[in-house]
Every structure is written in C-alpha cells, then in structure tokens.
Visitor: 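If you scroll down you'll find the structure; I have some questions about it.
We use all heavy atoms of the structure for the numbers below, so side chains are in, but hydrogens, waters and symmetry mates are not.
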Amino acid sequence: MCLSPGRCQIMPSQGHKRGSDDPSTSNDQGREGNKRLCAIAKGTAATPTLKMDVIKVAKEGLGKVLRRLDKVSPPYANMDFIGYLRNKISALEAIIDDKVVVGVFGRSGAGKSSLMNAILGVKTLLPSGTVGACTSVIIQVEANMTDSNYVAEIDFISKEEWEKELKSLLNIKEMDGEEKDKRMVNMANSKIKALYGEDAVGKSFDELKSLESETFSDIPEFLSSTRKILSFDTATKFSTEIACYIRSKRKIHGNQSNSSQIHYWPLVKYVTIKMPNSKDLLEHIVLVDLPGTGDCNKARDEMWESYITKCSSVWVVADIDRAAADSDAWNILDNSISNMGPGGQCQNITFICTKTDIINPDNYMLELDDEDLHIEDSSNYSEEQKRACILHRNQQAKMEIQENYSNPYEIIDEIQVFTVSSQEFQKDNHYVLRQEETEIPELRALLKSLNDQRSEKVMRDYVIGAYGILSLVHVVNHEITKSMETEKETLHKLLEQRLEDELQNIDQFMSDIHMEFDKSLSAGVLESEKTCVTRAKEEVIAPKGKGGGGYHQTLRAVCNGQGFCRSTNGKITNMNASLSNSLCDSIRNIFSKTFKKSQKSISAKIDNFSILLESYDEETMFPRLAFLKTEEHKLKADLKNEIVQRKKKIYSSLTKSIMTSMLPSYIEASDVHGKGSLKRMQDILESHIESSKSTMFHDAKGKMLTLLAKLREHIVQELRSKLKEAVKQSLHNELPLPDISEHYEIVKSAHEETMSKPITDVEDEKCVPEHSSGKETTSEQVPLRNNRNDEKIKKMKKQKKRRKDVLADAAFVDKHMSALIKRVTMVMAIADDLLGEDMIQDEMYSIIDVAETSEKKMRVMYKALRSGGPLIKSAFYTALQTNEPNLVKDLASP
C-alpha cells in the first residue's frame with residue numbers, strides 16, 4: 001500500500017499456502033507440475049516456488065512408495081528392508097524444519113522491539129517500552145506456516161523454581177549494610193509488584209504464597225507446568241494481550257495501565273511468537289531477542305547461555321548516541337563473543353545503531369558548519385539540516401565502531417554496522433529520511449538473504465536425500481540376472497574392504513589429535529596451578545578498585561550462580577572461566593585447527609572420507625551406487641553437525657569441571673551473612689582454590705580428553721554401522737515397488753543441477769584448504785565436494801578488501817569536498833564514468849551538464865554523492881583517479 005509519493009511501506013510478502021503433500025494429485029496436475037520442475041532442474045527457472053515444487057514431486061514419489069509398503073507383509077518381502085526404507089523417508093522431513101538462529105542483543109530501551117517491528121513490517125507486533133527486570137524474558141520470533149493468525153507459545157518456569165526465586169528476592173530485600181545492592185532490590189520489588197500488586201512489597205513469603213490462588217487463576221498452565229497458547233487475527237490485539245507476559249509495565253494511550261493489572265513476566269522462561277505472512281523473511285529463520293541484562297533466575301540465565309552458542313548470526317543493538325562509547329553495548333558484544341568463542345557456531349556479527357532520527361541539529365553543529373555537512377540554502381533548510389546531521393553522525397558512528405571492534409577469538413574478521421531509524425521508516429508522512437536512508441530495507445534484505453541461503457540448503461539436502469532413495473527404489477524393480485548377483489557380491493566385498501581401510505585412517509587421525517590435546521592440556525595444568533589463586537583474586541574475588549556493598553552483591557551473585565553472574569547492565573563475571581583460562585589458552589591453537597574450517601580439521605577428514613570408487617564401469621550398479629553416494633553424503637553431513645554440537649560440550653567441559661570442583665566453596669560462601677561477610681566469602685573461595693588446585697585442573701583435563709575419546713568412538717562407530725547397513729540394503733534387496741520413473745528423472749535432473757552449484761549457506765561447514773596436502777579427492781569420492789573453494793575464498797577476500805576500500809574512498813571524498821568542488825575540471829568525464837557504472841541516472845547527468853561552471857557542476861555532483869552513500873563516493877573516487885590523477889596525489893600527500 002503506497003503511503004505517500006515515492007515512499008511505499010515494505011510489508012512481508014503474503015506467504016504462499018503450502019502445496020498439498022497428498023501424493024494422490026491428479027495425473028494432469030502432476031504432468032503440468034513436472035514440466036515446470038524440469039525447467040528448474042535444468043536451470044531455466046529458479047524461483048522459490050519452483051524449488052519447493054521439486055520437493056513436492058519428490059514427496060509425491062516417496063508417498064507412492066510408502067503406500068505400496070503399507071500393502072506388503074511377510075513372507076513376501078524383507079521387513080528389515082521395508083523398515084529401512086521407511087526410516088530413510090521419514091528422516092527427510094526433519095531437513096525441512098532446519099532453521100538459522102539470529103540472536104538480537106541489547107539493553108532495555110535500546111529500541112529492539114521497534115527495530116524488530118519495523119523489519120517485520122508490523123508496527124504493533126512487539127510491545128515497546130520494556131523496562132526493568134522484564135528484559136530477562138527471551139522472545140523468539142518465527143514464521144507461522146500453518147494459518148494467518150499471530151500466535152504466542154508461552155513457556156513458564158516451574159512452580160518450584162519460582163518458589164526458590166521468590167525466597168531469593170525476599171532475601172535481597174532484607175539485606176543491609178555492605179550486602180545491600182539497590183539495583184537488585186529494585187529488580188526484586190519490580191517482580192513482586194508485577195505479580196502480587198503494589199501493596200505486596202512489604203509482605204512475607206507466607207503472605208505472598210497465600211495470594212497465589214487468586215494471582216495465578218488466569219494462568220492454569222503455570223500451575224500444571226504446560227505451555228500457554230495465545231492466538232489472534234490482528235497484530236494490535238495480539239500485542240495488547242501478550243504485553244503482560246513480556247514486559248513489566250503496560251501503557252495505554254500514554255497513560256499507565258490499571259495498577260491492579262497482573263504482569264506474569266517474572267514467571268516466563270521464554271515466549272515463541274509465530275508471525276503469519278512472513279515466509280520470505282522467516283521460513284528458515286528464528287529471531288531471538290536475547291536480553292543483555294542479567295537475572296537472578298538461574299533457569300533463564302542458563303537458557304541465555306544455551307541460546308547464544310546456537311546463534312549463527314548475532315545482532316547487537318544500541319542507541320546511536322551511546323553506541324560507540326556505551327560500555328553496556330560493548331559488554332554485551334564482548335560477552336557474546338566470549339560465549340560464542342571456540343565453543344559456538346556464529347558466522348557473522350552485526351552492530352545496529354538505533355534511534356538515528358533523535359538528534360538536535362543546533363547542538364550537533366556546534367563545531368561544524370553547513371559546508372562540512374554539504375547543506376545548501378533551501379526553503380526547507382531546517383529539515384535538510386537535520387537530515388544532514390543524521391547522515392553525518394551515522395557515517396561517523398560506523399567508522400568508530402568498525403575501528404573499536406576487536407576479534408580476540410578470531411571468529412569474525414569484521415562486523416557489519418547499520419544505522420537505523422524505525423520511527424522514520426514507519427512514518428506515512430512528515431518524514432526527514434528517505435526510506436533507504438533509514439537502513440531498515442537493507443536489514444530486511446540481510447535477513448531475507450539468510451533465509452534464502454538456508455532455503456537453498458534445505459532444498460539441496462532434501463533433493464540429495466530423495467534422489468538416493470528414489471534411485472534405490474528405481475533399481476530394485478528391475479529383474480536381477482545371475483551375472484548381476486555375482487557382480488553385487490564382488491562389489492560388496494570391495495566396498496567393505498574400503499570401509500575398513502578408511503576407518504583405520506580416520507581412527508589414527510583422531511588418535512593423533514587426542515595425543516596433541518593431552519600434551520597441550522598438560523602444559524595448561526601446570527600453568528593453572530601456578531597462577532590460579534592470583535588470577536582468581538585479581539579478576540573475581542577481589543579486583544582492584546572494587547569493594548563495598550556493590551561488589552559484595554556481585555560476588556554473592558557469583559556464588560549463588562555457581563560461579564557465574566550476569567549483571568543488570570550485561571556485564572559477566574565468571575569465576576569458572578577465569579580459573580580455566582590457562583587451560584583454554586593452552587589448547588587455543590589445537591582446538592582451532594581441530595574444529596574450525598581448515599584442511600587439518602576433523603570435518604575436513606570426514607569430507608575426504610569415502611568408500612566409493614573413483615570410477616565403476618558396470619551401468620547396472622549405478623543407481624545402487626548413487627544411493628550409497630547420497631547416504632554417504634548425508635552421513636558425513638550429520639557427523640559434521642554432530643561435531644559442531646559436541647565441540648561446544650568439549651570446549652565448555654573445562655569450565656563445567658572447574659565449576660563442579662568449586663561448588664562446595666560456592667555453597668559455603670553464599671551462606672555467609674552479616675558484618676564482614678565480604679571478607680569471609682573471599683577467604684572461603686581463595687582457600688578452596690589453594691587446597692584444590694592439585695586435583696581441580698587435572699580433573700578438567702581428564703573430562704575434556706574423555707569427551708574427545710567419545711567423539712572418536714562415535715565417528716568410527718557411525719561410519720562403520722551405517723555404511724555397512726547402506727551397502728547391504730542397496731545391494732541385496734529386491735521388492736516389487738510402484739513405478740516412480742517420472743519422479744526419479746525429475747529429481748535426478750534437480751540433483752545434477754544441485755551438485756554443480758557452490759554452497760552458500762550461512763552455516764556452510766565446508767573446509768577451507770590451507771595448502772594442498774594429503775589424499776587427492778575427486779567428485780566421485782566425495783559427494784558435493786566444492787572444487788571452487790579456492791575461487792570462493794579469493795572472492796570473499798576481495799569483497800572484504802573492497803568493503804574497506806569503499807569506506808576509505810568515501811572518507812577521502814568527504815574530507816576534501818571543498819577542495820574538490822573548487823579544483824576538479826574534468827567534471828563531465830567523471831560524470832560519464834559514473835553514468836556508465838549506473839551510479840547516477842540520466843536526469844542527474846543532465847543537471848550536472850547544464851550547470852554553467854565546473855564549480856557549479858561539482859556542487860550538483862556532491863548532491864548525488866550525498867544521496868548515494870559510500871558506494872557512489874567510492875565510484876567517484878575511482879573516476880577521479882582516472883581523470884584527475886595529479887589532483888588526487890596532491891590532496892593525498894601530507
């Protein structure tokens with residue numbers, strides 16, 4: 001719907017209803033669909049709808065097989081083979097539900113809710129104005145693919161957890177002297193008032209418990225430990241009803257809501273929101289609002305920790321006025337990175353500065369003038385001035401954040417920075433920024449790109465799996481001759497021998513890794529024993545400059561949290577991580593080599609693993625080998641996914657083992673109260689570390705080595721058992737099954753097209769070759785082996801360098817604006833270059849051309865540069881180098 005001339009609101013596209021999965025579609029419809037599918041399989045069509053149609057046809061063929069299997073019974077068929085086929089077909093469905101997790105972090109009031117509303121194209125989906133402790137509620141947003149309603153699934157903490165938390169809240173309120181922490185007291189009061197009312201602040205535990213029958217009467221799901229479901233047909237009604245579950249205060253038309261309104265957010269563990277008509281953005285994406293503030297409920301903090309390691313992408317949201325210097329925002333970013341670290345799976349980080357429209361131009365321009373911001377006299381000067389100030393501050397913020405970003409864990413080389421205005425984007429009129437200048441469309445495009453990439457992966461994996469199954473079904477229908485039986489027996493023996501040879505190879509590889517870890521950890525144990533007491537004192541127990549009531553509460557929270565505390569401003573204090581630091585440092589290189597994308601990693605070894613022959617001349621065996629090839633591909637993909645999950649457990653095993661060793665001291669210290677309690681808590685912790693250090697670090701080393709040994713055992717066992725079974729089932733079973741030739745040919749074509757494409761998914765675990773060494777692999781040995789990785793890496797490096805060059809070019813053009821306006825003479829030559837690159841349109845070119853002098857032409861040119869952003873400025877800089885090289889050299893010289 002067009003809101004005003006030149007400004008159309010971008011709404012989520014109306015998601016197509018899912019096509020019927022019923023294989024009993026009429027023949028005419030099937031033939032018409034097949035024509036379209038052949039087009040995509042041959043690369044002549046590539047719309048998402050057609051891609052999903054490939055899956056539909058595969059399902060149709062597999063459905064025919066399943067219906068035939070239902071009619072087969074002993075003694076006419078091998079029921080083991082039938083069960084095998086059923087399991088393979090069933091496992092394909094899980095592929096479609098695979099999703100990417102995008103974590104959205106930010107302190108309360110940073111504008112996350114407004115940002116997410118703007119990106120999703122609904123003004124009132126998430127209630128804004130969340131304050132206080134309610135930011136502990138985790139909210140995940142995904143697509144509703146079943147109907148057109150807005151749905152919320154609310155999961156509560158248990159009754160026992162709330163009872164324990166309530167006692168903790170009352171204890172916080174009763175503390176005095178050095179133990180008292182006003183922020184914690186305010187949080188405790190907020191939770192108590194939310195559930196029990198304003199007059200409940202002074203009540204005892206038993207008095208509050210007596211109110212619960214009335215308080216919880218509207219949420220029987222909490223009492224019965226079940227999930228609450230809310231569903232509404234409009235976003236406005238949904239937002240109103242969901243508010244009391246996710247925020248502490250509700251505002252209606254600018255006024256505070258009835259003080260007797262019960263707010264249930266203190267009981268909520270997390271909320272899942274399912275949004276209709278959002279297939280293009282969220283079909284394969286889960287947006288998770290992960291609050292940056294801490295909570296005294298351990299269940300929610302544990303959920304926060306578990307979610308952060310699942311994030312493939314992380315968005316850090318901060319008010320632009322505070323973004324570059326706000327310690328809270330950088331605490332969130334640093335702590336997120338440390339949690340994602342070697343034990344996570346994050347692929348990219350995005351820093352989002354919000355509320356860019358909130359600016360006072362007079363204050364902002366105290367040290368600037370109109371020329372600095374390229375402002376010219378006009379009838380709407382004040383509006384142009386504000387817009388110029390916003391865009392100038394945006395660019396400065398981006399440069400400063402990029403410069404401040406560090407990458408201590410070598411996860412992400414650089415971060416993307418967006419400067420957004422949700423309010424300006426959603427205005428129907430009287431806006432200052434053009435829609436593209438709000439950068440919301442760019443963020444939407446980023447989200448859509450992630451969704452499209454995962455959609456490609458889902459389709460690819462499904463087609464590969466379906467092709468293998470359909471190949472097997474296709475071949476078992478053919479008559480078997482005696483010579484073919486002999487051929488199958490020969491092939492079976494050969495494949496099993498290759499399997500054992502390959503398993504011996506990978507087992508030795510894993511054994512070598514185990515030895516390297518053992519050696520590195522032994523050095524870490526020695527270093528830990530030497531430095532643990534000093535490190536713990538300096539970083540956690542008694543850091544310099546921290547003491548008194550404020551730090552007393554932090555240390556108590558650390559003990560209550562079994563060594564872990566996340567404060568109300570997002571800062572993490574982690575005794576267990578501090579104590580395990582030397583151990584983690586000792587394995588940093590070997591861990592990275594073993595688990596990151598490199599040719600020396602376990603994933604690379606699995607990529608190179610194959611029992612398949614480089615060539616095999618017997619055509620009658622081809623479909624059976626095709627099945628084996630797809631099964632091998634799927635098994636290796638599953639193993640690599642399992643490695644990612646186990647990697648997290650292996651890395652975190654050090655801190656978890658330390659926590660177990662430290663637990664007695666945490667319990668003892670948390671029970672200490674009264675005058676001088678801070679000193680006694682510190683003494684208890686220090687004494688326990690001193691007395692336990694001779695065993696604590698050895699135990700942690702042992703736990704990690706045990707998990708590595710189990711990983712080795714799991715990989716070998718999975719490869720042996722599942723490939724043996726696949727070989728047996730593919731070569732030694734015949735069963736009359738329906739004719740699926742047509743489905744087989746279509747999916748085969750789609751499979752061939754899929755195999756020829758590079759993998760671009762956000763979580764692509766293909767390994768980056770460090771140098772050519774080891775066994776040479778072929779496309780026959782390794783399904784989906786991407787032989788264009790080198791080109792892809794070079795391209796990525798060029799793109800990364802190009803991004804940096806663009807910012808540098810733009811900075812040059814901005815810095816030397818005055819000189820360039822006065823000194824550039826080859827204006828039209830530069831304009832010709834920009835027109836040829838589609839950086840300016842014919843209309844702008846004509847306006848430049850009719851300007852009377854070179855200086856006036858350049859002033860018009862700068863209007864185009866300001867509206868186009870860094871890319872057009874970079875293109876201008878390139879044209880300037882070509883046409884005015886001496887001027888560029890002169891301006892660039894010191």
Visitor: With a 4.5 Å heavy-atom cut-off, do Thr350 and Ser313 have their side chains touching?
Guide: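 They are not in side-chain contact.
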Visitor: My understanding is that only residues two or more places apart in sequence, or in another chain, count here; which of them pass side chain to side chain contact (heavy atoms under 4.5 Å, CB included) with Asp155?
Guide: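 Arg227, Tyr270.
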Visitor: Can you find a side-chain donor-acceptor pair between Asn117 and Gln426 that sits under 3.5 Å?
Guide: no
Visitor: Is any side-chain heavy atom of Ile246 closer than 4.5 Å to one of Ile154?
Guide: no
Visitor: The criterion is side-chain hydrogen bond (donor to acceptor under 3.5 Å, both in side chains); which residues satisfy it with Asn589, sequence neighbours excluded?
Guide: none
Visitor: Checking Glu142 now: which residues fulfil side-chain hydrogen bond (donor to acceptor under 3.5 Å, both in side chains) with it, not counting sequence neighbours?
Guide: none
Visitor: Using modelled atom types and a 3.5 Å cut-off, is there a donor and acceptor pairing between side-chain atoms of Thr594 and backbone atoms of Phe591?
Guide: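 Side chain of Thr594 to backbone of Phe591: no pair is present.
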Visitor: Between Ile602 and Ile513, does a side-chain contact (heavy atoms from CB on, under 4.5 Å) hold up when you go through it step by step?
Guide: CA-CA 9 Å; Ile602 301 175; Ile513 286 174; 3.7 Å; yes
Visitor: Please determine, by modelled atom types, if Glu539 and Ser578 share a side-chain donor-acceptor pair under 3.5 angstrom.
Guide: yes
Visitor: Do Leu446 and Gln416 come close enough that some side-chain heavy atom pair is under 4.5 Å?
Guide: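 Heavy-atom side-chain distance check passes, below 4.5 Å.
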Visitor: Short question: side chain of Lys647, backbone of Phe595 - any donor-acceptor pair under 3.5 Å?
Guide: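 Between the backbone of Phe595 and the side chain of Lys647 there is no qualifying donor-acceptor contact (under 3.5 Å).
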Visitor: Tell me which one of Val102, Leu450, Asn451, Leu447 satisfies side-chain contact (heavy atoms from CB on, under 4.5 Å) with Leu282.
Guide: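 The residue from Val102, Leu450, Asn451, Leu447 that satisfies side-chain contact (heavy atoms from CB on, under 4.5 Å) with Leu282 turns out to be Leu447.
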Visitor: State, with a plain yes or no, whether a side-chain heavy atom of Val288 is found less than 4.5 Å away from one of Ile138.
Guide: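 Contact flag for Val288/Ile138 side chains = yes.
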Visitor: Could you tell me the separation between the OG atom of Ser278 and the CD1 atom of Ile119, rounded to the nearest 0.5 Å?
Guide: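 That separation rounds to 13.0 Å.
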Visitor: Under a 4.5 Å cut-off applied to non-hydrogen side-chain atoms, are Asp809 and Lys873 in contact?
Guide: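 No; the side chains remain at least 4.5 Å from each other.
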Visitor: Asp357: what forms a salt bridge (charged side-chain N to carboxylate O under 4.0 Å, His left out) with it, not counting sequence neighbours?
Guide: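 Not a single residue meets the salt bridge (charged side-chain N to carboxylate O under 4.0 Å, His left out) criterion with Asp357.
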Visitor: Mind checking ring-ring contact (aromatic ring centres under 6.0 Å, His included) for Tyr150 and listing every partner two or more places apart, or none if nothing turns up?
Guide: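 Scan of Tyr150 (ring-ring contact (aromatic ring centres under 6.0 Å, His included), adjacent residues dropped) gives none.
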Visitor: Is the backbone of Met659 close enough, under 3.5 Å, to the side chain of Gln562 for a donor and an acceptor to pair up by distance?
Guide: no
Visitor: Do Ile606 and Ser601 pass the side-chain contact (heavy atoms from CB on, under 4.5 Å) test, and can you show the C-alpha distance, the side-chain angles, and the key distance before you say yes or no?
Guide: CA-CA 9 Å; Ile606 289 175; Ser601 68; over 6 Å; no
Visitor: Mind checking the CZ-CE spacing from Arg454 to Met459? Nearest 0.5 Å is all I need.
Guide: 15.5 Å
Visitor: Got Ile96 and Tyr462 here, is their nearest side-chain heavy-atom distance under 4.5 Å?
Guide: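 With C-beta onward as the side chain, the pair touches.
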Visitor: When you look at Glu516 and Lys593, which way does the salt bridge (Lys or Arg N to Asp or Glu O under 4.0 Å) test go after all the steps?
Guide: CA-CA 11 Å; Glu516 286 190 70; Lys593 182 180 79 172; 3.1 Å; yes
Visitor: How long is the gap from CG on Leu433 to CD1 on Ile390, to the nearest 0.5 Å?
Guide: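 If we round to the nearest 0.5 Å, Leu433:CG and Ile390:CD1 are 4.5 Å apart.
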Visitor: Just how far is it from atom CG of Asp814 to atom CD of Gln396, taken to the nearest 0.5 Å?
Guide: 8.5 Å
Visitor: For the atom pair CG (Asp638) and CG (Asp461), what is the distance rounded to the nearest 0.5 Å?
Guide: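 Here the interatomic distance stands at 9.0 Å.
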Visitor: Centroid-to-centroid, Phe418 to Phe351, below 6.0 Å?
Guide: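 They do not qualify: ring centres at least 6.0 Å apart.
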Visitor: What are the two closest heavy atoms between Ala536 and Met575, and how far apart are they?
Guide: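 In this case the closest contact between Ala536 and Met575 is CB-SD, 4.0 Å.
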Visitor: Test of understanding: with side-chain hydrogen bond (donor to acceptor under 3.5 Å, both in side chains), list the residues that count as partners of Glu538, not counting sequence neighbours.
Guide: none
Visitor: Check side chain to side chain contact (heavy atoms under 4.5 Å, CB included) between Asp585 and all other residues, then give those that pass, not counting sequence neighbours.
Guide: Asn581, Arg588
Visitor: Is there side-chain contact between Met399 and Gln395, with heavy atoms separated by less than 4.5 Å?
Guide: yes
Visitor: Give me the atom names and distance for the closest heavy-atom approach of Gln402 to Ile415.
Guide: NE2-O, 2.7 Å
Visitor: How long is the straight-line distance from CG of Leu373 back to CG of Leu391, given to the nearest 0.5 Å?
Guide: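 Separation between the atoms: 9.5 Å.
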Visitor: Can you check whether Asn576's main-chain N or O pairs, donor with acceptor, with Ser580's side chain at less than 3.5 Å?
Guide: yes
Visitor: Main chain of Arg434, side chain of Thr438: is a donor-acceptor contact present, judged purely on distance under 3.5 Å?
Guide: no
Visitor: Does any N or O in the side chain of Lys112 come within less than 3.5 Å of the main-chain N or O of Gly106, such that one atom is a donor and the other an acceptor?
Guide: yes
Visitor: Just jot down the side-chain hydrogen bond (donor to acceptor under 3.5 Å, both in side chains) partners of Ser520, sequence neighbours excluded, or say none.
Guide: none
Visitor: Can you name the residues that form a ring-ring contact (aromatic ring centres under 6.0 Å, His included) with Tyr364, not counting sequence neighbours?
Guide: His392
Visitor: With sequence neighbours excluded, tell me which residues meet salt bridge (charged side-chain N to carboxylate O under 4.0 Å, His left out) with Glu442.
Guide: none
Visitor: Identify the heavy atoms of Leu654 and Cys584 that sit nearest to each other, and give their distance.
Guide: CD1-SG, 3.9 Å
Visitor: Do the side chains of Ile650 and Leu708 get nearer than 4.5 Å, heavy atoms only?
Guide: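 Side-chain contact under 4.5 Å: yes.
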Visitor: If you look only at pairs with a residue in residues 389-398, which of them pass as a salt bridge (Lys or Arg N to Asp or Glu O under 4.0 Å), with sequence neighbours excluded?
Guide: Asp321-Arg393, Lys398-Glu439
Visitor: In sequence, state the C-alpha distance, the side-chain angles, and the governing distance for Asn574 and Thr655, and then conclude on side-chain contact (heavy atoms from CB on, under 4.5 Å).
Guide: CA-CA 9 Å; Asn574 193 333; Thr655 54; 5.7 Å; no
Visitor: Check the pair Arg646 / Leu707 against side-chain contact (heavy atoms from CB on, under 4.5 Å), numbers first and verdict last.
Guide: CA-CA 8 Å; Arg646 292 201 181 205; Leu707 290 176; over 6 Å; no
Visitor: For Lys703, enumerate each residue passing the salt bridge (charged side-chain N to carboxylate O under 4.0 Å, His left out) test, keeping only those at least two apart in sequence or located in another chain.
Guide: none
